[in-house]
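Below: one structure, written as structure tokens.
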Protein chains: 2
Amino acid sequence: MDAKLDKIEMEMGARPYSQTLARLREAGLRPTRQRLALSRLLFEGGDQHVTAERLHEQAQGAGVSVSLATVYNTLHQFTDAKLLREVVVDSSRTYFDTNVSDHHHFFHEEEGRLMDIDGAKIEVSGLPDAPAGTGVSRVDIVIRVRASD
Amino acid sequence: MDAKLDKIEMEMGARPYSQTLARLREAGLRPTRQRLALSRLLFEGGDQHVTAERLHEQAQGAGVSVSLATVYNTLHQFTDAKLLREVVVDSSRTYFDTNVSDHHHFFHEEEGRLMDIDGAKIEVSGLPDAPAGTGVSRVDIVIRVRASD
DNA sequence: ATAGTTGCAAAAGTTTTGCATTGTA
DNA sequence: TACAATGCAAAACTTTTGCAACTAT
């Protein structure tokens, strides 16, 4: 079974994958070929904001054969496992963020690009209490920007 | 042509529609039967957050025959005309808000319900400048809440 | 007439699901 | 062998578009 993982490593290229592997193991997700490939694309390239379609393209480009459905399923599994965070900024596309720490976003409406804003730097005052019987699960701030010419 | 509008009024019920009519006129939208009906459903019921599907159901319930596509088109026309504001909180559904003043939202994730928060009451500090070459078009704050039992 | 609008059927996207296949103990 | 997890084709959504029918001048 480690022989099998070595085989997967061979197929994926020479770079170390131990961190990627550990990440999946910790999340209780089997290190399948598809998950390893998507993990590496996601987590070895620094903070990223990807759509399912974009990640699917990246995978194809890297010579990994995965269906778009599997990309969706995998993104949701990673999100459930707290490896990713879903960012809701555009009603037509869902973005997934590899940065899962407390932060907010700039969203360039024309280009569809996201940029992180460190959560520690922002202070919000005057927020009313959550409605009776509910608790706050998260506060999301999105600063929508457009080209200014 | 006013006779025609009278006819539409008759069909829609006895309540006055002059405000609804004026609203459409000002926005440069012809007061068609469908638009009048949707306008009344939207703007005569106080602040509301509707999805296309919900508004479509309301229209059917009120005996007005409109296709879902027309509901979508109308919601977007109203949004372009600043009669409505699109609220992006859920990647699977688009909400439209009849409150177009400066404000933010509570979003009940489990029930899919939105509640307005007066924008004047909230103060955000520490926001970084918009990226070079861009200007802020809007700052959206969404407080996601869930049942706390 | 005719130039411009409107409303909807059909098309296009995006996302989810059902289940054959694969992997594990 | 049995049992569970995986990955994808097909289905189900939501949303947009193209164009026939309608409106106003």
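Note: hydrogens, waters and symmetry copies are ignored here, and every other heavy atom, side chains too, is used. Each chain gets a letter, A, B and so on, in the order its sequence line appears, and its residues count up from 1.
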*Identify the heavy atoms of Val64(B) and Ala37(B) that sit nearest to each other, and give their distance.*
CG1-CB, 3.6 Å
*Would you mind reading off the distance between Asp90(A) atom CG and dT14(D) atom P, rounded to a whole angstrom?*
17 Å
*Length of the CZ-C1' vector between Arg54(B) and dC13(D), whole Å*: 19 Å
_Gln48(B) side-chain N/O to Leu41(B) backbone N/O, donor-acceptor pair under 3.5 Å_ = yes
_Would you say Ile141(A) ends up clustered with Val136(B) if hydrophobic residues are merged whenever their side chains have heavy atoms under 4.5 Å apart, either directly or through other cluster members?_
yes
_Between Gln77(B) and dG7(C), is there a contact of a side-chain N or O with OP1 or OP2 at under 4.0 Å?_
no
*Quickly work out the Arg35(A) CZ to dA5(D) P distance and round it to whole Å.*
10 Å
*Counting heavy atoms from C-beta on, name the nucleotide in dG7(D), dT6(C), dC8(C) closest to the side chain of Thr32(A).*
dG7(D)
*Report yes or no: do His104(B) and Asp116(B) form a side-chain donor-acceptor pair below 3.5 Å?*
no
*Take the protein atom CG of Leu29(A) and the nucleotide atom P of dG7(D), then report the distance between them rounded to whole Å.*
10 Å
*Using atom OH of Tyr95(B) as one end and atom P of dT14(D) as the other, report the distance to the nearest whole Å.*
11 Å
*Rounded to the nearest Å, what distance is computed from the CD atom of residue Gln34(A) to the C1' atom of nucleotide dA5(D)?*
13 Å
*Any side-chain donor-acceptor pair under 3.5 Å between Ser137(A) and Glu109(B)?*
yes
Check nucleotides 14-17 of chain C against the protein and report each pair of N or O atoms closer than 3.5 Å, with its distance, or say if there are none.
from    : atom 1 : to       : atom 2 : distance (Å)
dT14(C) : OP2    : Glu53(A) : OE1    : 3.2
dT15(C) : OP1    : Thr94(A) : N      : 3.4
dT15(C) : OP1    : Thr94(A) : OG1    : 2.9
dT15(C) : OP2    : Tyr72(A) : OH     : 2.1
dT15(C) : O5'    : Tyr72(A) : OH     : 3.3
dT16(C) : OP2    : His76(A) : NE2    : 2.8

*Under the 3.5 angstrom rule, does the side chain of Glu110(B) hit a backbone N or O of Ala147(B) as a donor-acceptor pair?*
yes
*Would you mind reading off the distance between Arg33(B) atom CZ and dA21(D) atom P, rounded to a whole angstrom?*
18 Å
*Is there a donor-acceptor pair closer than 3.5 Å between any side-chain N or O of Arg35(B) and the backbone N or O of Phe78(B)?*
no
*Integer-rounded Å distance: dC8(C) C1' and Leu38(B) CG*: 14 Å
Tabulate protein N/O versus nucleotide N/O from nucleotides 1-3 of chain D, keeping only pairs under 3.5 Å, one per line.
none

*Pairs where residues 47-70 of chain B contributes a residue and the test ring pair (Phe, Tyr, Trp, His ring centres under 6.0 Å) is met, not counting sequence neighbours*: His49(B)-His105(B)
_Can you see whether Ser91(B) engages Glu86(A) through a side-chain donor-acceptor pair at a distance of less than 3.5 angstrom?_
yes
